[in-house]
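Presented below is the structure to which this report refers.
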Amino acid sequence: QVQLVESGGGVVQAGGSLRLSCAASGRTFSRYAMGWFRQAPGKEREFVGAITWTGGSTSYADSVKGRFTISRDNAKKTVYLQMNSLKPEDTAVYYCAAGSGSDYDREYAYWGQGTQVTVSS
């Protein structure tokens, strides 16, 4: 029902910025909220933030609040994760997901392939 493709990952110096994109498609994609999660090797998957297609309501994990911003372009069917003031601990594979909009990963039914973000010190 929903297909998600992330892009925009790369290597950046600490304190720098990066913007990730998630392109959504499928018959029912707009019925789901869009979430961003991340996972470092050997670590648990961690909620980053979420946004709704209708209204654009956002929520963020405390660890990224004030540094990361989620937005969406309904015409392009794309959500964005703008990451500023990046820290080495932000290094992870970042995933886009479609689901409830909560911070619980098991409430998301569809997932993208992930994109690597590496922050060097």
Side-chain angles (χ1 to χ4, degrees):
Q1 286 185 300
V2 179
Q3 186 174 33
L4 306 172
V5 179
E6 302 98 333
S7 62
V11 180
V12 65
Q13 292 280 345
S17 297
L18 206 60
R19 189 178 76 162
L20 307 183
S21 299
C22 175
S25 62
R27 192 174 68 86
T28 61
F29 77 91
S30 62
R31 299 182 184 181
Y32 300 87
M34 302 296 296
W36 286 98
F37 292 80
R38 65 187 184 185
Q39 188 168 28
K43 302 278 190 174
E44 295 285 335
R45 186 161 52 194
E46 178 187 18
F47 174 76
V48 175
I51 192 168
T52 59
W53 290 109
T54 302
S57 299
T58 56
S59 60
Y60 300 94
D62 288 342
S63 60
V64 306
K65 197 173 298 181
R67 299 189 298 122
F68 291 9
T69 303
I70 298 173
S71 61
R72 91 282 198 223
D73 185 330
N74 288 357
K76 295 181 178 180
K77 302 176 183 177
T78 300
V79 298
Y80 304 95
L81 180 65
Q82 178 67 48
M83 305 184 293
N84 298 326
S85 302
L86 282 161
K87 305 173 181 179
E89 52 261 47
D90 295 318
T91 296
V93 177
Y94 283 70
Y95 296 92
C96 183
S100 72
S102 77
D103 60 359
Y104 186 35
D105 57 0
R106 296 196 179 189
E107 293 184 356
Y108 290 78
Y110 303 97
W111 294 80
Q113 84 286 354
T115 186
Q116 175 71 229
V117 172
T118 301
V119 184
S120 63
S121 60

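Only this structure's heavy atoms are used, side chains among them; waters, hydrogens and symmetry mates stay out.
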Review point. Are S17 and N84 linked by a side-chain donor-acceptor pair shorter than 3.5 Å?
Key: yes
Study note, to complete from the structure: d(M34 CE, F29 CZ) to nearest 0.5 Å is 9.0 Å
Practice item. Could you tell me whether the side chain of S59 and the main chain of G49 form a donor-acceptor pair under 3.5 Å? Key: no
**Study point:** Y32 side, atom OH; L4 side, atom CG - distance, nearest 0.5 Å
**Key:** 10.5 Å
Point to revise | Student check: side-chain heavy atoms of Y94 and Q39 closer than 4.5 Å | key: no
Review point. Below 4.5 Å, heavy atoms only, C-beta onward: do K77 and S30 meet side chain to side chain?
Key: no
Review point. For the side chain of R38 and the backbone of A92, is there at least one donor-acceptor N/O pair under 3.5 Å apart?
Key: no
Exercise for review: Find out if a path of hydrophobic residues (ILVMFWY) with successive side-chain heavy-atom gaps under 4.5 Å connects L18 to V119.
Suggested key: yes
Practice item. Establish, yes or no, whether the cationic atom of R19 lies under 6.0 Å from the six-membered ring centre of W36 and within 45° of the ring axis. Key: no
Point to revise | Atom pair OG1 (T118) and CG (D90), whose distance is rounded to the nearest 0.5 Å | key: 11.0 Å
Exercise for review: Please check if V117 and W111 belong to a single hydrophobic cluster, counting links between Ile, Leu, Val, Met, Phe, Trp and Tyr side chain heavy atoms closer than 4.5 Å.
Suggested key: no
Check your understanding: Can you check whether V79 reaches C96 side chain to side chain, under 4.5 Å on heavy atoms?
Key -> yes
**Study point:** Near-ring test F37/Y108, centroid separation under 6.0 angstrom
**Key:** yes
Point to revise | Co-membership, hydrophobic cluster, residues I70 and Y80, 4.5 Å side-chain | key: no
Practice item. Indicate yes or no: at least one non-hydrogen side-chain atom of R72 is less than 4.5 angstrom from one of T78. Key: no
Point to revise | V64 with Y95, same ILVMFWY side-chain cluster at under 4.5 Å | key: no
**Study point:** Side-chain donor-acceptor contact under 3.5 Å, Q1 with Y110
**Key:** yes
Check your understanding: Do S100 and S102 have side-chain N/O donor and acceptor atoms under 3.5 Å apart?
Key -> yes
Check your understanding: Are any non-hydrogen side-chain atoms of V48 and L81 less than 4.5 angstrom apart?
Key -> yes
Study note, to complete from the structure: Rounding to 0.5 Å, atoms CD (Q13) and OG (S121) come to a distance of 8.0 Å
Review point. Between F68 and L86, is any pair of side-chain heavy atoms under 4.5 Å apart?
Key: yes
Review point. Are M83 and F47 connected in the hydrophobic side-chain network, where two residues link if heavy atoms are under 4.5 Å apart?
Key: no
**Study point:** salt bridge (Lys or Arg N to Asp or Glu O under 4.0 Å) between K65 and D62, intermediate numbers included
**Key:** CA-CA 5 Å; K65 197 173 298 181; D62 288 342; 3.3 Å; yes
Point to revise | T69 side, atom OG1; Y60 side, atom OH - distance, nearest 0.5 Å | key: 4.5 Å
Check your understanding: Are any side-chain N or O atoms of Q113 and backbone N or O atoms of E6, one a donor and one an acceptor, separated by less than 3.5 Å?
Key -> yes
Check your understanding: Would you say R31's side chain and R27's backbone share a donor-acceptor pair under 3.5 angstrom?
Key -> no
Review point. Roughly how far, to the nearest 0.5 Å, is the CZ atom of R45 from the CG atom of D105?
Key: 4.0 Å
Review point. Is the closest side-chain heavy-atom distance between S71 and Q82 below 4.5 Å?
Key: no
